[in-house]
Structure formats: C-alpha cells, structure tokens
Amino acid sequence: MSETLQQQNLLAVSMSQVEAPSPSSTFLVPRRWQHQAEEARLFVKHVTEELGYCSRSPERLSELPEYHDHERRLKQSLAFGQHLQRLPPDRQKYGQFGMYGTAAGLELMASSEEAREFTRAPRGGALSNRVQQWAQQFLRVWDFFDLMVYDLSRIGSSKFLSQSCTILRTCHVLRAVAAAAPVLKEFTDPRKREMAGCDEELIQNLKNGLTIDSAERIANICYENIIAARVNSRDVAEAFRVSDEVSEATFRFARGADEVPETWKDWVFVWGSVIAAVARSASVGLLTPQQIMNVFDFEDIRRLKVLLSDRSKYSDARYRLFALWALDHLVPERYESPEIEGSQIEVNIPEVLLLKRGNPYRSFVESEVARTCEEVVRSGGWTDVHSQYQVYFRDETMKERYWYDYYVIPALPTLLDLIARYKPTWLFRPRVSAAW
C-alpha cells in the first residue's frame with residue numbers, strides 16, 4: 001500500500017482504469033477477472049470515501065500573528081495532510097497539513113465518482129446527499145487551496161512560501177488544478193451550487209471569485225514558477241548531463257535556490273514531474289501551446305529518450321517506469337473518454353510534441369513500456385522509491401532558508417497506469433493482481 005495521500009491518489013486513479021476485457025464469441029472472460037475488476041472499483045470507492053473523513057481544519061494557524069488576518073477563511077476552509085489518516089474530532093485541528101497533501105486531496109476529489117455525478121447532473125435537478133456533501137467539502141478545500149496559493153505563500157515567515165517555490169510542490173499543485181478545472185467550471189453556475197447547498201460566503205472569499213478562468217490563473221502562477229526554475233546546465237557545473245552537448249536544460253529543485261539534479265535519477269524525477277504536470281494542464285486548456293514549448297521542447301524529449309535508451313547504464317526500472325509514464329502524457333489517446341469509444345478531447349499540446357501513431361518516439365514508448373513493465377513485474381520491484389534532497393534559498397527574508405524534502409517515485413501506481421493503457425490483460429496476472 002502506498003504511504004502518502006499523493007500515492008493513494010495516483011493508485012486510485014490508475015486502478016479506476018481496471019476493467020475486465022469485454023467477452024466476444026471467441027473469448028470468454030474468466031470469472032476471476034471480473035471479480036478482480038470489481039475489487040479494484042471497490043478499492044477506488046473506499047479511498048475516495050475515506051478521504052471525506054481525513055480532512056484537517058487549518059484554523060489553529062490563525063493563532064500565529066502572521067496568519068491572523070486570514071482567521072475567518074482558515075476557520076471555514078479544509079486542508080489535507082500527507083497521509084490518508086482519520087483523526088478523531090478533537091484532533092482534527094492539530095493534524096499535519098500543507099501544499100503536498102492538499103493538492104493530492106483536491107486531485108483525488110476531482111477524479112472521484114461524486115465529481116462525475118456532480119458535473120453530469122442537469123441544472124435544476126436533484127443531487128444525492130452523498131454528492132451534496134462531496135460538493136460542500138470540495139468548495140471548502142478549494143477555498144483553502146485559493147488562500148494557500150494567493151496569500152499564505154506570500155508570507156515571508158510561512159512554510160507555504162518555501163513549499164510554493166519547490167518544483168515538487170508546484171507540479172503537484174498544477175496537476176491538482178488540471179484535475180479540478182472541469183469541476184470548477186460546473187461550480188461557476190450558481191444553480192449547481194444551490195443544488196449542492198454550498199455556502200456562498202466561500203465564493204466571496206476567493207481571490208478572484210469563482211469564474212471559468214479561476215483554474216487558469218493558478219496554472220499560470222505554477223507556470224511562472226517552473227520557468228523561473230529552468231536553467232541551462234552549462235551555467236551549473238554540477239548539473240547532471242545526458243550528453244556532451246554545449247548546453248542542456250534542467251530545473252533547479254526550487255525557484256530562488258541553486259540546487260539542481262546531480263544524478264540521472266534526480267534528473268529523471270524532475271523532468272518526469274514537469275512533463276506530466278504541464279501536459280495534464282494543457283489537456284484541459286490551462287496553458288497555451290507556446291507556454292508548453294517554453295517549458296520543454298522536442299530537444300528535451302529527445303534527451304530523455306537518449307537517457308532511457310541506455311538500459312545498461314541507467315538500470316533502475318522504477319525510474320524508467322516513471323519517465324515512460326510522463327512521456328505517455330504526450331500520447332493523445334491518453335485523453336480519450338473511457339466511456340465513449342473513439343472519443344478524443346482536443347489536446348492543447350503542440351503538434352511537434354504529440355506522440356501520435358507512426359511517430360518513432362511513440363513506437364519507442366510502446367516497446368519500452370512493455371519491456372519495463374515486464375521487468376518490474378518479474379522482479380516484484382514495485383515498492384516506492386524515496387529520495388531525499390535539500391535546497392538553500394538565497395532570499396535572506398525567508399524564515400526557512402534551508403529546506404529538507406524528499407521525492408517519491410510511485411512505482412505501483414505508475415505500473416498499473418501503464419499496464420492498463422498498454423497491456424490490460426496483464427492486470428489479471430496473479431503476480432500483478434496480488435500487488436493491488
């Protein structure tokens with residue numbers, strides 16, 4: 001079982017794709033497969049339901065002088081901690097929470113069955129009590145998310161300032177906003193909010209109100225942070241280099257700090273996180289094609305392929321799996337609706353970056369996914385990888401100038417996601433099904 005809420009979120013989203021193959025005249029679906037597919041759906045339902053009991057109240061922050069001006073919103077909003085963990089009512093005000101957990105919680109809420117029911121419900125209709133409770137909680141979480149991005153991360157003595165500068169947190173926020181964007185579009189309709197019994201005072205709290213471009217504004221803040229962290233490796237002698245070329249692009253671990261990936265593993269993690277987050281935000285139209293090209297271009301994708309091609313040197317299959325999962329976000333079929341066969345939303349990713357059928361990079365991803373997934377399944381190496389890093393912020397006004405953190409390569413969620421996309425029958429292999 002994944003340890004953090006971020007990993008639970010990825011695992012639940014990947015397992016939502018688990019379906020027993022449709023029977024045909026020449027192929028009968030084993031009853032065991034149908035049972036396992038049902039178990040996967042029950043797991044996803046359990047995780048999303050459990051999320052409703054694991055929120056944290058951030059109101060105790062208002063007892064600190066630097067947060068006092070936000071006392072009213074802190075008492076009304078909800079946040080999440082790193083772990084999917086229930087707390088008794090008397091402890092919910094003392095639980096750990098922050099940008100990492102809240103972004104994961106928001107993304108999971110936006111990907112839930114309740115979110116789909118809410119977005120599909122006709123105006124003037126009725127919502128079940130379960131969906132109403134979900135909608136009310138979602139809006140309270142978005143209230144804290146809005147407060148965290150626009151206000152708390154501007155306070156020099158706040159932990160949210162250093163969190164908002166890191167590439168890791170920025171990518172999590174961007175992914176969460178991308179998932180939430182279609183849901184927020186529905187919340188802009190006052191009739192839908194009335195159906196759900198939402199508190200209109202929460203809408204008035206938001207920095208720019210609740211409009212159709214609320215998610216886009218936050219996505220652009222994330223974009224600016226990512227661009228500010230991008231650097232040419234020729235200017236940083238200790239940066240990891242894929243090739244002997246004069247200059248390669250990389251990203252600092254945080255905006256306003258000097259530290260960059262110095263190993264191929266750190267380099268893969270940072271690039272994979274950026275590609276996946278930016279591609280997801282592009283798929284829902286939060287970033288323009290030009291902005292995407294400013295973050296990464298074809299040469300950056302080519303270098304990632306060069307690194308992945310040297311299997312003898314870069315041997316840890318879990319890192320390769322993560323990088324392939326990121327590249328899969330450039331495959332247009334990833335954004336097809338699972339409910340309408342052959343449907344495909346408009347993907348706002350530049351044509352030069354899309355891995356369409358017939359593209360040699362697409363062929364590379366397909367073959368490498370099958371090979372790498374087979375290797376991970378055979379070795380049983382689907383435990384998460386935890387790797388520590390630290391940054392030192394140059395801004396002397398920041399309270400926390402030294403920042404110690406760790407990143408996680410979510411092996412099992414990415415494995416299931418890619419198998420469901422490329423080798424769906426493998427999900428029912430005894431070794432794979434035993435893992436989930």
Side-chain angles (χ1 to χ4, degrees), residues 10 13-14 16-17 103 106-107 110-111 115-116 119-120 142 145 149 167 170-188 208 210-230 249 251 270-302 304-305 323-359 361-362 365-366 417-418 421:
L10 289 172
V13 172
S14 63
S16 66
Q17 303 180 67
L106 182 69
E107 184 177 353
S111 307
R116 288 188 285 274
T119 55
R120 294 171 187 160
W142 180 256
F145 203 78
V149 171
I167 282 288
T170 296
C171 289
H172 288 155
V173 168
L174 189 54
R175 273 182 21 209
V177 171
V183 182
L184 289 170
K185 183 178 179 180
E186 294 297 315
F187 272 104
T188 60
N208 298 292
L210 189 57
T211 64
I212 198 168
D213 57 352
S214 293
E216 184 177 345
R217 289 194 180 100
I218 293 182
N220 275 279
I221 293 175
C222 295
Y223 164 77
E224 294 294 339
N225 283 344
I226 293 173
I227 289 297
R230 183 180 164 108
F251 295 92
V270 169
W271 268 108
S273 299
V274 169
I275 291 170
V278 170
R280 286 193 184 190
S281 64
S283 72
V284 291
L286 298 183
L287 296 178
T288 67
Q290 184 57 55
Q291 286 177 313
I292 299 166
M293 293 293 291
N294 292 341
V295 176
F296 63 90
D297 57 23
F298 179 77
E299 278 302 301
D300 299 318
I301 300 302
R302 184 187 65 79
L304 182 55
K305 177 181 179 294
L324 292 166
W325 173 78
L327 289 176
D328 185 61
H329 285 76
L330 302 178
V331 175
E333 285 80 4
R334 184 180 183 90
Y335 304 102
E336 291 180 352
S337 170
E339 300 168 355
I340 306 175
E341 186 175 355
S343 69
Q344 182 175 317
I345 64 173
E346 182 181 353
V347 182
N348 200 40
I349 299 173
E351 187 77 14
V352 68
L353 298 177
L354 279 178
L355 304 185
K356 293 184 175 181
R357 296 187 189 280
N359 185 315
Y361 282 66
R362 166 72 170 268
V365 169
E366 290 174 347
D417 190 302
L418 290 174
R421 293 256 301 118

Original post:
So Val278 and Tyr223, side chain to side chain contact (heavy atoms under 4.5 Å, CB included) or not? Walk me through it.
Top reply: CA-CA 8 Å; Val278 170; Tyr223 164 77; over 6 Å; no

Subject >> Shortest non-hydrogen contact from Leu286 toward Glu216 >> reply: O-CG, 3.6 Å

**OP:** Grab the two heavy atoms, one from Leu287 and one from Asn348, that are nearest each other, plus how far apart they are.
**Re:** O-ND2, 2.6 Å

**OP:** Report yes or no: does Tyr335 contribute a side-chain atom to a donor-acceptor pair with the main-chain N or O of His329 at less than 3.5 Å?
**Re:** yes

**OP:** Look at the side chain of Asn208 and the backbone N and O of Ser214, then say whether any donor-acceptor pair between them is shorter than 3.5 Å.
**Re:** no

Subject >> Cys171 side chain near Val274 side chain, heavy-atom distance below 4.5 Å >> reply: yes

**OP:** State whether a side-chain donor-acceptor pair under 3.5 Å links Asn294 with Gln290.
**Re:** yes

**OP:** Calculate, to the nearest 0.5 Å, the distance between atoms CD1 and CD1 belonging to Ile292 and Ile275 respectively.
**Re:** 12.0 Å

Original post:
Given Trp142 and Leu210, is the side chain to side chain contact (heavy atoms under 4.5 Å, CB included) satisfied, shown in steps?
Top reply: CA-CA 10 Å; Trp142 180 256; Leu210 189 57; 4.2 Å; yes

Original post:
In Å and rounded to the nearest 0.5 Å, what is the CD to CD distance from Gln291 to Glu224?
Top reply: 7.5 Å

**OP:** For the pair Arg217 and Thr211, evaluate side chain to side chain contact (heavy atoms under 4.5 Å, CB included) and give the outcome as yes or no after the intermediate values.
**Re:** CA-CA 10 Å; Arg217 289 194 180 100; Thr211 64; 3.5 Å; yes

**OP:** Test Arg357 against Glu333 for salt bridge (Lys or Arg N to Asp or Glu O under 4.0 Å), laying out the working first.
**Re:** CA-CA 10 Å; Arg357 296 187 189 280; Glu333 285 80 4; 3.5 Å; yes

Subject >> Nearest-0.5 Å distance, CZ of residue Phe296 to CZ of residue Arg230 >> reply: 10.0 Å

Subject >> Ser273 OG to Ile226 CD1 distance, which is reported to the nearest 0.5 Å >> reply: 9.5 Å

Original post:
Looking at CG of Leu304 and CG of Leu324, how far apart are the two atoms once the value is rounded to the nearest 0.5 Å?
Top reply: 8.0 Å

Original post:
What pair of heavy atoms forms the shortest contact from Ala179 to Ser111, and how long is it?
Top reply: CB-OG, 4.3 Å

Original post:
Just how far is it from atom CZ of Arg334 to atom CZ of Arg280, taken to the nearest 0.5 Å?
Top reply: 6.0 Å

Original post:
Shortest non-hydrogen contact from Ser281 to Leu174?
Top reply: CB-CD1, 3.8 Å

**OP:** Report yes or no: does Asp297 contribute a side-chain atom to a donor-acceptor pair with the main-chain N or O of Asp300 at less than 3.5 Å?
**Re:** yes

Original post:
What pair of heavy atoms forms the shortest contact from Pro332 to Leu355, and how long is it?
Top reply: CD-O, 3.4 Å

Original post:
Does Lys185 NZ have over 12 foreign heavy atoms under 6.0 Å away?
Top reply: no

Subject >> Closest heavy-atom pair and its distance - Ala279, Leu330 >> reply: CB-CD2, 4.2 Å

